2 protein chains.
Amino acid sequence: MTTRTAPADNQPRTPPRRGRPRKGASTLTRDAVIEAAISVIDDAGVEAVSMRTVARRLGVDAKSLYNYVDGKDNLLDAVAEHILTGVALPEPTGSLDTDLRAIGRTFRAGTLAHPRAGALVLTRQLSSTAGLRPVATVLSVLRAAGCGPEEAVHLLRTLLAAVVGTLLREVAAGPTFGVVGPEATAKRQRDLEASGLPVLVEVAPHLARFGHDEEFEYALDLIVNAVTRKVHESSPASSQAPSA
Amino acid sequence: MTTRTAPADNQPRTPPRRGRPRKGASTLTRDAVIEAAISVIDDAGVEAVSMRTVARRLGVDAKSLYNYVDGKDNLLDAVAEHILTGVALPEPTGSLDTDLRAIGRTFRAGTLAHPRAGALVLTRQLSSTAGLRPVATVLSVLRAAGCGPEEAVHLLRTLLAAVVGTLLREVAAGPTFGVVGPEATAKRQRDLEASGLPVLVEVAPHLARFGHDEEFEYALDLIVNAVTRKVHESSPASSQAPSA
DNA sequence: ACCTGAACACCGTTCAAGT
DNA sequence: ACCTGAACACCGTTCAAGT
(Lines give C-alpha, C1' and ligand atoms only; values in the text may rest on other atoms or scores of the structure.)
Protein backbone atom coordinates (compact mmCIF):
# COMPACT_ATOMS: atom_id res chain seq x y z
CA MET A 1 0.00 0.00 0.00
CA THR A 2 2.69 2.46 1.00
CA THR A 3 4.70 2.26 -2.19
CA ARG A 4 8.11 3.86 -2.17
CA THR A 5 8.32 6.32 -4.98
CA ALA A 6 10.25 9.54 -5.29
CA PRO A 7 9.87 11.50 -2.06
CA ALA A 8 7.67 14.56 -2.26
CA ASP A 9 10.63 16.84 -2.48
CA ASN A 10 11.88 18.79 -5.46
CA GLN A 11 14.68 21.07 -4.55
CA PRO A 12 17.29 22.28 -7.02
CA ARG A 13 19.87 19.53 -6.76
CA THR A 14 23.26 21.02 -7.43
CA PRO A 15 25.83 18.82 -9.14
CA PRO A 16 28.06 16.93 -6.69
CA ARG A 17 30.69 18.98 -4.97
CA ARG A 18 33.35 18.02 -2.49
CA GLY A 19 35.44 19.48 0.25
CA ARG A 20 33.99 22.39 2.15
CA PRO A 21 31.60 24.89 0.49
CA ARG A 22 33.02 26.99 -2.35
CA LYS A 23 32.23 30.46 -1.09
CA GLY A 24 32.32 31.73 2.45
CA ALA A 25 28.56 31.05 2.52
CA SER A 26 28.70 28.05 4.85
CA THR A 27 24.92 28.11 5.15
CA LEU A 28 24.79 24.85 7.03
CA THR A 29 24.13 25.17 10.73
CA ARG A 30 22.33 23.12 13.32
CA ASP A 31 19.35 25.44 13.11
CA ALA A 32 19.27 25.18 9.33
CA VAL A 33 19.16 21.40 9.63
CA ILE A 34 16.33 21.55 12.15
CA GLU A 35 14.37 23.98 10.01
CA ALA A 36 14.87 21.84 6.93
CA ALA A 37 13.48 18.89 8.87
CA ILE A 38 10.47 20.97 9.89
CA SER A 39 9.82 21.97 6.29
CA VAL A 40 9.92 18.30 5.26
CA ILE A 41 7.40 17.56 8.00
CA ASP A 42 5.16 20.45 6.97
CA ASP A 43 5.15 19.24 3.39
CA ALA A 44 5.04 15.49 3.75
CA GLY A 45 4.68 14.46 7.38
CA VAL A 46 7.02 13.04 9.97
CA GLU A 47 7.40 9.70 8.27
CA ALA A 48 8.86 11.45 5.24
CA VAL A 49 11.79 12.63 7.32
CA SER A 50 15.01 10.82 6.57
CA MET A 51 18.57 11.97 6.74
CA ARG A 52 18.52 11.90 2.97
CA THR A 53 15.33 13.94 2.43
CA VAL A 54 16.43 16.57 4.92
CA ALA A 55 19.86 16.78 3.37
CA ARG A 56 18.33 17.13 -0.08
CA ARG A 57 16.51 20.28 1.05
CA LEU A 58 19.86 21.74 1.94
CA GLY A 59 21.61 20.62 -1.21
CA VAL A 60 23.97 18.53 0.85
CA ASP A 61 24.84 14.91 1.43
CA ALA A 62 22.99 13.09 4.20
CA LYS A 63 26.15 12.31 6.06
CA SER A 64 26.97 16.00 6.43
CA LEU A 65 24.09 16.34 8.84
CA TYR A 66 26.01 14.31 11.36
CA ASN A 67 28.25 17.30 11.86
CA TYR A 68 25.32 19.18 13.38
CA VAL A 69 22.99 16.58 14.72
CA ASP A 70 23.60 13.38 16.58
CA GLY A 71 21.61 11.07 14.32
CA LYS A 72 18.00 10.98 13.23
CA ASP A 73 16.50 10.47 16.66
CA ASN A 74 18.38 13.44 18.00
CA LEU A 75 17.19 15.49 15.03
CA LEU A 76 13.57 14.69 15.79
CA ASP A 77 14.09 15.60 19.42
CA ALA A 78 15.60 18.86 18.27
CA VAL A 79 12.58 19.53 16.08
CA ALA A 80 10.22 18.98 18.99
CA GLU A 81 12.31 21.19 21.21
CA HIS A 82 12.54 23.91 18.57
CA ILE A 83 8.78 24.06 18.17
CA LEU A 84 8.13 23.88 21.89
CA THR A 85 10.56 26.71 22.48
CA GLY A 86 8.52 28.79 20.05
CA VAL A 87 5.30 28.67 22.05
CA ALA A 88 4.60 32.12 23.36
CA LEU A 89 3.30 31.89 26.90
CA PRO A 90 1.02 34.67 28.15
CA GLU A 91 1.75 37.00 31.02
CA PRO A 92 -0.14 35.91 34.15
CA THR A 93 -2.94 38.30 35.14
CA GLY A 94 -3.48 37.02 38.64
CA SER A 95 -6.77 35.28 37.95
CA LEU A 96 -6.22 31.51 38.09
CA ASP A 97 -9.14 30.78 35.82
CA THR A 98 -8.15 33.34 33.19
CA ASP A 99 -4.50 32.41 33.26
CA LEU A 100 -4.99 28.66 32.94
CA ARG A 101 -7.27 29.16 29.96
CA ALA A 102 -4.82 31.52 28.32
CA ILE A 103 -1.93 29.12 28.84
CA GLY A 104 -3.98 26.28 27.41
CA ARG A 105 -4.88 28.26 24.31
CA THR A 106 -1.41 29.54 23.58
CA PHE A 107 0.04 26.10 24.19
CA ARG A 108 -2.42 24.76 21.64
CA ALA A 109 -1.58 27.46 19.13
CA GLY A 110 2.13 26.90 19.60
CA THR A 111 2.16 23.14 19.32
CA LEU A 112 -0.16 23.25 16.33
CA ALA A 113 1.88 25.86 14.49
CA HIS A 114 3.23 22.88 12.59
CA PRO A 115 0.28 20.48 12.72
CA ARG A 116 2.05 17.53 11.17
CA ALA A 117 4.74 17.79 13.80
CA GLY A 118 2.14 17.83 16.55
CA ALA A 119 2.51 14.23 17.62
CA LEU A 120 6.24 14.74 17.84
CA VAL A 121 6.01 17.79 20.08
CA LEU A 122 3.31 16.30 22.30
CA THR A 123 4.80 12.87 22.52
CA ARG A 124 8.58 13.11 22.57
CA GLN A 125 10.04 13.08 26.00
CA LEU A 126 12.34 16.03 26.23
CA SER A 127 15.12 15.97 28.75
CA SER A 128 15.94 19.60 28.11
CA THR A 129 14.61 22.81 29.55
CA ALA A 130 12.34 23.48 26.58
CA GLY A 131 9.59 21.32 28.04
CA LEU A 132 9.95 22.95 31.42
CA ARG A 133 8.90 26.44 30.43
CA PRO A 134 5.17 25.68 30.14
CA VAL A 135 5.48 23.53 33.23
CA ALA A 136 7.01 26.36 35.21
CA THR A 137 4.40 28.81 33.99
CA VAL A 138 1.50 26.62 35.06
CA LEU A 139 3.11 25.96 38.41
CA SER A 140 3.67 29.67 39.03
CA VAL A 141 0.05 30.44 38.35
CA LEU A 142 -1.14 27.67 40.64
CA ARG A 143 1.24 28.65 43.43
CA ALA A 144 0.22 32.28 43.12
CA ALA A 145 -3.39 31.23 43.60
CA GLY A 146 -2.49 29.71 46.93
CA CYS A 147 -1.98 26.13 45.89
CA GLY A 148 0.48 24.05 47.88
CA PRO A 149 3.52 22.63 46.11
CA GLU A 150 2.42 19.01 46.11
CA GLU A 151 -1.08 19.73 44.92
CA ALA A 152 0.25 22.14 42.30
CA VAL A 153 2.28 19.33 40.79
CA HIS A 154 -0.70 16.97 40.75
CA LEU A 155 -2.92 19.59 39.16
CA LEU A 156 -0.28 20.52 36.62
CA ARG A 157 0.03 16.90 35.57
CA THR A 158 -3.70 16.41 35.27
CA LEU A 159 -4.18 19.61 33.35
CA LEU A 160 -1.39 18.90 30.93
CA ALA A 161 -2.49 15.30 30.40
CA ALA A 162 -5.95 16.51 29.45
CA VAL A 163 -4.63 19.18 27.12
CA VAL A 164 -2.14 16.85 25.51
CA GLY A 165 -4.78 14.15 25.07
CA THR A 166 -7.11 16.62 23.43
CA LEU A 167 -4.45 18.02 21.11
CA LEU A 168 -3.16 14.61 20.18
CA ARG A 169 -6.61 13.63 19.00
CA GLU A 170 -6.78 16.86 17.08
CA VAL A 171 -3.56 16.30 15.16
CA ALA A 172 -4.17 12.64 14.55
CA ALA A 173 -7.88 13.06 13.93
CA GLY A 174 -9.24 9.62 13.20
CA PRO A 175 -12.76 8.37 12.73
CA THR A 176 -13.31 6.94 16.21
CA PHE A 177 -14.13 10.34 17.62
CA GLY A 178 -15.78 12.03 14.74
CA VAL A 179 -14.61 13.46 11.48
CA VAL A 180 -14.35 16.89 9.94
CA GLY A 181 -16.31 18.08 6.92
CA PRO A 182 -19.94 17.59 5.97
CA GLU A 183 -19.61 14.67 3.57
CA ALA A 184 -17.28 12.72 5.86
CA THR A 185 -19.60 13.46 8.78
CA ALA A 186 -22.59 12.10 6.88
CA LYS A 187 -20.74 8.90 6.00
CA ARG A 188 -19.53 8.46 9.54
CA GLN A 189 -23.06 8.91 10.83
CA ARG A 190 -24.34 6.18 8.54
CA ASP A 191 -21.53 3.87 9.70
CA LEU A 192 -22.36 4.51 13.33
CA GLU A 193 -26.04 3.90 12.72
CA ALA A 194 -25.14 0.60 11.08
CA SER A 195 -22.95 -0.41 14.01
CA GLY A 196 -25.77 -2.18 15.81
CA LEU A 197 -24.95 -0.70 19.23
CA PRO A 198 -28.05 1.20 20.33
CA VAL A 199 -26.19 3.96 22.20
CA LEU A 200 -24.13 4.74 19.16
CA VAL A 201 -27.21 5.00 17.00
CA GLU A 202 -28.74 7.32 19.56
CA VAL A 203 -25.83 9.75 19.64
CA ALA A 204 -24.68 9.24 16.06
CA PRO A 205 -25.28 12.81 14.85
CA HIS A 206 -23.14 14.22 17.64
CA LEU A 207 -20.49 11.53 17.62
CA ALA A 208 -20.05 11.83 13.89
CA ARG A 209 -19.22 15.49 13.85
CA PHE A 210 -16.14 17.03 15.37
CA GLY A 211 -15.22 20.68 15.66
CA HIS A 212 -11.65 21.15 16.80
CA ASP A 213 -12.09 24.56 18.41
CA GLU A 214 -15.35 23.69 20.05
CA GLU A 215 -14.06 20.43 21.52
CA PHE A 216 -10.91 22.04 22.80
CA GLU A 217 -12.87 24.78 24.51
CA TYR A 218 -15.25 22.29 26.09
CA ALA A 219 -12.44 20.18 27.48
CA LEU A 220 -10.50 23.22 28.64
CA ASP A 221 -13.55 24.62 30.36
CA LEU A 222 -14.31 21.40 32.21
CA ILE A 223 -10.78 20.82 33.37
CA VAL A 224 -9.99 24.41 34.31
CA ASN A 225 -13.20 24.62 36.29
CA ALA A 226 -12.27 21.44 38.12
CA VAL A 227 -8.76 22.67 38.87
CA THR A 228 -9.96 26.09 39.99
CA ARG A 229 -12.56 24.58 42.28
CA LYS A 230 -10.00 22.26 43.81
CA VAL A 231 -7.56 25.08 44.49
CA HIS A 232 -10.17 27.33 46.05
CA GLU A 233 -11.62 24.64 48.26
CA SER A 234 -8.27 23.64 49.72
CA SER A 235 -7.04 27.21 50.20
CA PRO A 236 -9.95 29.49 51.17
CA ALA A 237 -8.02 32.67 50.38
CA SER A 238 -8.83 35.37 47.86
CA SER A 239 -11.73 35.04 45.46
CA GLN A 240 -10.69 37.16 42.50
CA ALA A 241 -8.16 39.86 43.36
CA PRO A 242 -4.48 38.85 43.65
CA SER A 243 -4.07 39.40 47.38
CA ALA A 244 -6.06 42.48 48.23
CA MET B 1 24.00 6.39 18.33
CA THR B 2 21.35 3.85 17.36
CA THR B 3 23.70 1.32 15.84
CA ARG B 4 22.15 -1.42 13.83
CA THR B 5 23.34 -4.74 15.16
CA ALA B 6 21.64 -8.10 15.28
CA PRO B 7 18.03 -7.59 16.41
CA ALA B 8 17.24 -8.80 19.90
CA ASP B 9 15.65 -11.96 18.62
CA ASN B 10 16.97 -15.46 18.79
CA GLN B 11 14.44 -17.93 17.52
CA PRO B 12 15.35 -21.35 16.13
CA ARG B 13 15.90 -20.51 12.50
CA THR B 14 15.05 -23.62 10.50
CA PRO B 15 17.02 -24.23 7.33
CA PRO B 16 15.38 -22.75 4.19
CA ARG B 17 12.35 -24.56 2.92
CA ARG B 18 10.12 -23.85 -0.03
CA GLY B 19 6.58 -24.42 -1.22
CA ARG B 20 3.94 -24.76 1.47
CA PRO B 21 4.72 -26.26 4.89
CA ARG B 22 5.76 -29.91 5.06
CA LYS B 23 3.21 -31.34 7.50
CA GLY B 24 -0.44 -30.38 7.71
CA ALA B 25 0.60 -28.05 10.52
CA SER B 26 0.06 -24.80 8.60
CA THR B 27 0.57 -22.86 11.79
CA LEU B 28 0.59 -19.52 10.01
CA THR B 29 -2.57 -17.48 10.43
CA ARG B 30 -3.37 -13.79 10.68
CA ASP B 31 -3.66 -14.09 14.43
CA ALA B 32 -0.32 -15.86 14.69
CA VAL B 33 1.28 -13.02 12.77
CA ILE B 34 -0.31 -10.42 15.05
CA GLU B 35 0.75 -12.28 18.16
CA ALA B 36 4.28 -12.65 16.86
CA ALA B 37 4.38 -8.91 16.33
CA ILE B 38 3.16 -8.37 19.89
CA SER B 39 5.87 -10.63 21.24
CA VAL B 40 8.50 -8.66 19.33
CA ILE B 41 7.09 -5.48 20.86
CA ASP B 42 7.04 -6.96 24.35
CA ASP B 43 10.67 -7.99 24.02
CA ALA B 44 12.20 -5.12 22.12
CA GLY B 45 9.71 -2.31 21.60
CA VAL B 46 7.69 -1.09 18.64
CA GLU B 47 10.68 0.17 16.72
CA ALA B 48 12.07 -3.36 16.64
CA VAL B 49 9.09 -4.52 14.59
CA SER B 50 9.93 -5.21 11.00
CA MET B 51 8.43 -7.67 8.58
CA ARG B 52 11.68 -9.56 8.90
CA THR B 53 11.83 -9.72 12.71
CA VAL B 54 8.21 -10.77 12.96
CA ALA B 55 8.68 -13.41 10.27
CA ARG B 56 11.76 -14.73 12.05
CA ARG B 57 9.66 -15.44 15.15
CA LEU B 58 7.46 -17.62 13.02
CA GLY B 59 10.32 -19.36 11.19
CA VAL B 60 9.07 -17.97 7.92
CA ASP B 61 10.13 -15.53 5.23
CA ALA B 62 9.08 -11.92 5.63
CA LYS B 63 7.18 -11.93 2.38
CA SER B 64 4.91 -14.71 3.60
CA LEU B 65 3.32 -12.28 6.02
CA TYR B 66 1.75 -10.46 3.10
CA ASN B 67 -0.61 -13.39 2.74
CA TYR B 68 -2.18 -12.47 6.07
CA VAL B 69 -1.54 -8.81 6.57
CA ASP B 70 -1.68 -5.87 4.21
CA GLY B 71 1.78 -4.48 4.89
CA LYS B 72 3.53 -3.26 8.00
CA ASP B 73 1.19 -0.38 8.71
CA ASN B 74 -1.79 -2.68 8.56
CA LEU B 75 0.01 -5.07 10.90
CA LEU B 76 0.53 -2.35 13.49
CA ASP B 77 -3.10 -1.35 13.22
CA ALA B 78 -4.03 -4.96 13.74
CA VAL B 79 -1.85 -5.11 16.84
CA ALA B 80 -3.53 -2.05 18.31
CA GLU B 81 -6.93 -3.45 17.50
CA HIS B 82 -6.06 -6.85 18.95
CA ILE B 83 -4.98 -5.37 22.25
CA LEU B 84 -7.90 -2.96 22.40
CA THR B 85 -10.31 -5.80 21.77
CA GLY B 86 -8.81 -7.57 24.77
CA VAL B 87 -9.72 -4.87 27.29
CA ALA B 88 -12.38 -6.26 29.59
CA LEU B 89 -14.96 -3.60 30.30
CA PRO B 90 -16.86 -3.78 33.59
CA GLU B 91 -20.58 -4.28 33.98
CA PRO B 92 -22.29 -0.96 34.77
CA THR B 93 -23.63 -0.77 38.32
CA GLY B 94 -25.90 2.22 37.85
CA SER B 95 -23.72 4.67 39.76
CA LEU B 96 -22.15 7.11 37.34
CA ASP B 97 -19.23 7.84 39.59
CA THR B 98 -18.44 4.21 40.29
CA ASP B 99 -18.87 3.15 36.69
CA LEU B 100 -16.67 5.83 35.18
CA ARG B 101 -13.88 5.02 37.60
CA ALA B 102 -14.18 1.32 36.88
CA ILE B 103 -14.09 1.88 33.13
CA GLY B 104 -11.06 4.11 33.49
CA ARG B 105 -9.20 1.52 35.53
CA THR B 106 -9.97 -1.44 33.30
CA PHE B 107 -9.12 0.62 30.24
CA ARG B 108 -5.80 1.40 31.81
CA ALA B 109 -5.15 -2.22 32.72
CA GLY B 110 -6.10 -3.37 29.26
CA THR B 111 -4.06 -0.90 27.26
CA LEU B 112 -1.07 -1.41 29.54
CA ALA B 113 -1.22 -5.19 29.32
CA HIS B 114 1.54 -4.76 26.78
CA PRO B 115 3.23 -1.60 28.00
CA ARG B 116 5.61 -1.20 25.10
CA ALA B 117 2.64 -1.30 22.73
CA GLY B 118 0.88 1.38 24.74
CA ALA B 119 1.61 4.30 22.45
CA LEU B 120 0.36 2.23 19.54
CA VAL B 121 -2.95 1.39 21.16
CA LEU B 122 -3.52 4.90 22.48
CA THR B 123 -2.39 6.70 19.39
CA ARG B 124 -3.39 4.74 16.31
CA GLN B 125 -6.61 5.86 14.80
CA LEU B 126 -8.74 2.79 14.39
CA SER B 127 -11.45 2.81 11.80
CA SER B 128 -12.81 -0.49 13.04
CA THR B 129 -15.33 -1.32 15.73
CA ALA B 130 -12.64 -2.23 18.24
CA GLY B 131 -12.23 1.35 19.34
CA LEU B 132 -15.97 1.83 19.62
CA ARG B 133 -16.54 -0.62 22.44
CA PRO B 134 -15.12 1.55 25.20
CA VAL B 135 -16.78 4.55 23.58
CA ALA B 136 -20.16 2.86 23.63
CA THR B 137 -19.72 1.75 27.22
CA VAL B 138 -18.94 5.25 28.46
CA LEU B 139 -21.81 6.69 26.48
CA SER B 140 -24.25 4.15 27.91
CA VAL B 141 -23.24 5.00 31.43
CA LEU B 142 -23.59 8.72 30.81
CA ARG B 143 -26.95 8.36 29.10
CA ALA B 144 -28.23 6.11 31.89
CA ALA B 145 -27.32 8.87 34.35
CA GLY B 146 -29.62 11.23 32.52
CA CYS B 147 -27.11 12.95 30.33
CA GLY B 148 -28.35 14.26 26.97
CA PRO B 149 -26.84 12.88 23.79
CA GLU B 150 -24.84 15.95 22.84
CA GLU B 151 -23.40 16.51 26.26
CA ALA B 152 -22.65 12.81 26.60
CA VAL B 153 -20.46 13.00 23.52
CA HIS B 154 -18.62 16.07 24.82
CA LEU B 155 -18.05 14.49 28.19
CA LEU B 156 -16.92 11.22 26.63
CA ARG B 157 -14.35 13.06 24.56
CA THR B 158 -13.04 15.05 27.48
CA LEU B 159 -12.86 12.00 29.71
CA LEU B 160 -11.07 9.91 27.14
CA ALA B 161 -8.64 12.67 26.23
CA ALA B 162 -7.66 13.00 29.87
CA VAL B 163 -7.27 9.26 30.34
CA VAL B 164 -5.31 8.84 27.12
CA GLY B 165 -3.07 11.78 27.98
CA THR B 166 -2.36 10.30 31.39
CA LEU B 167 -1.64 6.83 30.05
CA LEU B 168 0.52 8.11 27.26
CA ARG B 169 2.74 9.85 29.76
CA GLU B 170 2.84 6.64 31.74
CA VAL B 171 4.03 4.48 28.86
CA ALA B 172 6.47 7.01 27.51
CA ALA B 173 7.58 8.21 30.91
CA GLY B 174 10.20 10.87 30.33
CA PRO B 175 11.97 13.21 32.68
CA THR B 176 9.80 16.29 32.14
CA PHE B 177 7.15 15.04 34.50
CA GLY B 178 9.17 13.14 36.99
CA VAL B 179 10.96 9.86 36.99
CA VAL B 180 10.57 6.52 38.70
CA GLY B 181 13.00 5.05 41.18
CA PRO B 182 14.82 6.65 44.11
CA GLU B 183 18.19 7.30 42.48
CA ALA B 184 16.68 8.76 39.28
CA THR B 185 14.36 10.88 41.40
CA ALA B 186 17.29 12.25 43.38
CA LYS B 187 19.17 13.15 40.23
CA ARG B 188 16.13 14.75 38.70
CA GLN B 189 15.59 16.80 41.81
CA ARG B 190 19.13 18.12 41.64
CA ASP B 191 18.63 19.02 37.96
CA LEU B 192 15.43 20.87 38.73
CA GLU B 193 17.05 22.75 41.57
CA ALA B 194 19.83 23.76 39.19
CA SER B 195 17.33 24.97 36.57
CA GLY B 196 17.30 28.50 37.89
CA LEU B 197 13.52 28.86 37.73
CA PRO B 198 12.34 29.58 41.28
CA VAL B 199 9.01 27.74 40.99
CA LEU B 200 10.76 24.59 39.89
CA VAL B 201 13.16 24.77 42.81
CA GLU B 202 10.22 25.23 45.14
CA VAL B 203 8.32 22.16 43.96
CA ALA B 204 11.35 20.09 42.95
CA PRO B 205 10.82 17.24 45.43
CA HIS B 206 7.28 16.70 44.16
CA LEU B 207 7.99 17.28 40.49
CA ALA B 208 10.93 14.90 40.55
CA ARG B 209 9.01 11.91 41.79
CA PHE B 210 6.28 10.15 39.88
CA GLY B 211 4.07 7.27 41.00
CA HIS B 212 2.08 5.82 38.13
CA ASP B 213 -0.82 4.49 40.16
CA GLU B 214 -1.07 7.56 42.35
CA GLU B 215 -1.01 9.98 39.43
CA PHE B 216 -3.58 8.02 37.49
CA GLU B 217 -5.91 7.92 40.46
CA TYR B 218 -5.50 11.63 41.07
CA ALA B 219 -6.32 12.51 37.48
CA LEU B 220 -9.19 10.04 37.32
CA ASP B 221 -10.65 11.42 40.52
CA LEU B 222 -10.49 15.02 39.34
CA ILE B 223 -11.98 14.35 35.96
CA VAL B 224 -14.68 11.94 37.08
CA ASN B 225 -15.75 14.37 39.76
CA ALA B 226 -15.98 17.12 37.17
CA VAL B 227 -18.00 14.96 34.79
CA THR B 228 -20.31 13.72 37.49
CA ARG B 229 -20.96 17.23 38.76
CA LYS B 230 -21.72 18.45 35.27
CA VAL B 231 -24.19 15.64 34.61
CA HIS B 232 -25.99 16.13 37.89
CA GLU B 233 -26.28 19.88 37.56
CA SER B 234 -27.77 19.72 34.08
CA SER B 235 -30.19 16.87 34.84
CA PRO B 236 -31.44 17.16 38.43
CA ALA B 237 -32.76 13.58 38.54
CA SER B 238 -31.75 10.72 40.80
CA SER B 239 -28.92 11.06 43.25
CA GLN B 240 -27.65 7.52 43.67
CA ALA B 241 -30.23 4.85 42.80
CA PRO B 242 -30.73 3.95 39.10
CA SER B 243 -34.21 5.38 38.67
CA ALA B 244 -36.07 4.55 41.85
C1' DA C 1 36.66 22.27 9.99
C1' DC C 2 33.61 20.34 7.19
C1' DC C 3 32.46 17.65 3.31
C1' DT C 4 31.78 13.19 0.52
C1' DG C 5 32.73 8.05 -1.61
C1' DA C 6 32.57 3.68 -0.51
C1' DA C 7 30.60 0.50 2.24
C1' DC C 8 27.61 -2.10 5.53
C1' DA C 9 23.69 -3.92 7.46
C1' DC C 10 19.47 -3.14 7.43
C1' DC C 11 14.40 -1.78 5.52
C1' DG C 12 9.20 -2.61 2.86
C1' DT C 13 7.35 -4.46 -1.06
C1' DT C 14 6.43 -6.65 -5.92
C1' DC C 15 6.35 -10.33 -8.84
C1' DA C 16 7.24 -14.35 -10.94
C1' DA C 17 8.22 -18.69 -10.07
C1' DG C 18 7.93 -23.02 -7.29
C1' DT C 19 5.11 -27.01 -4.74
C1' DA D 1 -3.29 -21.91 -1.61
C1' DC D 2 0.71 -20.54 0.18
C1' DC D 3 5.50 -20.18 0.07
C1' DT D 4 10.23 -18.17 -1.45
C1' DG D 5 14.29 -16.17 -4.77
C1' DA D 6 15.54 -12.45 -7.00
C1' DA D 7 15.16 -7.82 -7.26
C1' DC D 8 14.30 -2.83 -6.37
C1' DA D 9 14.40 1.36 -4.14
C1' DC D 10 14.97 2.82 -0.14
C1' DC D 11 17.02 3.36 5.01
C1' DG D 12 20.82 5.06 9.20
C1' DT D 13 25.42 5.21 10.10
C1' DT D 14 30.80 4.62 10.16
C1' DC D 15 35.10 5.70 8.51
C1' DA D 16 38.61 6.99 5.83
C1' DA D 17 39.73 9.98 2.67
C1' DG D 18 39.55 14.62 0.40
C1' DT D 19 39.97 20.09 0.46
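Just so it is clear: chains get the letters A, B, ... in the order the sequence lines come, proteins before strands, and each one is counted from 1. Source: prediction; values computed, not measured.
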Tell me the interatomic distance from B:Arg52, atom CZ, to D:dC3, atom P, rounded to whole angstroms. 17 Å
Tell me which nucleotide, if any, is Watson-Crick or G-U wobble paired with C:dT13 when both distances must be under 3.5 Å. D:dA7
Do B:Ser50 side-chain atoms and B:Thr53 backbone N/O form a donor-acceptor pair below 3.5 Å? yes
Check this one for me: any side-chain N or O of A:Lys63 less than 4.0 Å away from OP1 or OP2 of C:dT4? no
Given 3.5 Å as the limit, does a donor-acceptor pair link the side chain of A:Thr123 with the main chain of A:Leu120, or not? no
Of the listed D:dT4, C:dT4, D:dC3, the closest approach to the B:Asp61 side chain comes from D:dT4
Take B:Val203 and B:Leu192, measure what side chain to side chain contact (heavy atoms under 4.5 Å, CB included) needs, and give me the verdict at the end. CA-CA 9 Å; B:Val203 306; B:Leu192 287 169; over 6 Å; no
Measure the distance from CG on A:Leu28 to P on C:dA1 and round it to the nearest whole Å. 16 Å
C:dC3 phosphate, OP1 or OP2, under 4.0 Å from A:Asn67 side-chain N/O: yes
Given C:dA1, is OP1 or OP2 found less than 4.0 Å from the side-chain N or O atoms of A:Tyr66? no
Should A:Tyr68 be listed as having a side-chain N or O under 4.0 Å from OP1 or OP2 of C:dA1? no
Scan A:Ser64 against the nucleic acid and name what it touches under 4.0 Å (heavy atoms): base, sugar-phosphate only, or nothing. base
For B:Glu47 and C:dC10, give me the distance from atom CD to atom C1', rounded to whole Å. 15 Å
Rounded to whole Å, NZ of B:Lys72 lies from C1' of C:dC10 at a distance of 12 Å
Quick one: B:Asp73 CG to C:dC11 C1', roughly how many Å, whole number? 14 Å
Any salt bridge between A:Arg124 and A:Glu81, counting N to O under 4.0 Å? no
Over how many whole Å does the gap from A:Met51 atom CE to D:dC10 atom P extend? 18 Å
Rounding to a whole Å, what distance do you find between B:Leu65:CG and C:dT14:P? 13 Å
Give none if C:dC2 has no partner; otherwise give the nucleotide forming a Watson-Crick or G-U wobble pair with it, both distances under 3.5 Å. D:dG18
Pairing of B:Asp213 and B:Arg105 as salt bridge, 4.0 angstrom limit: no
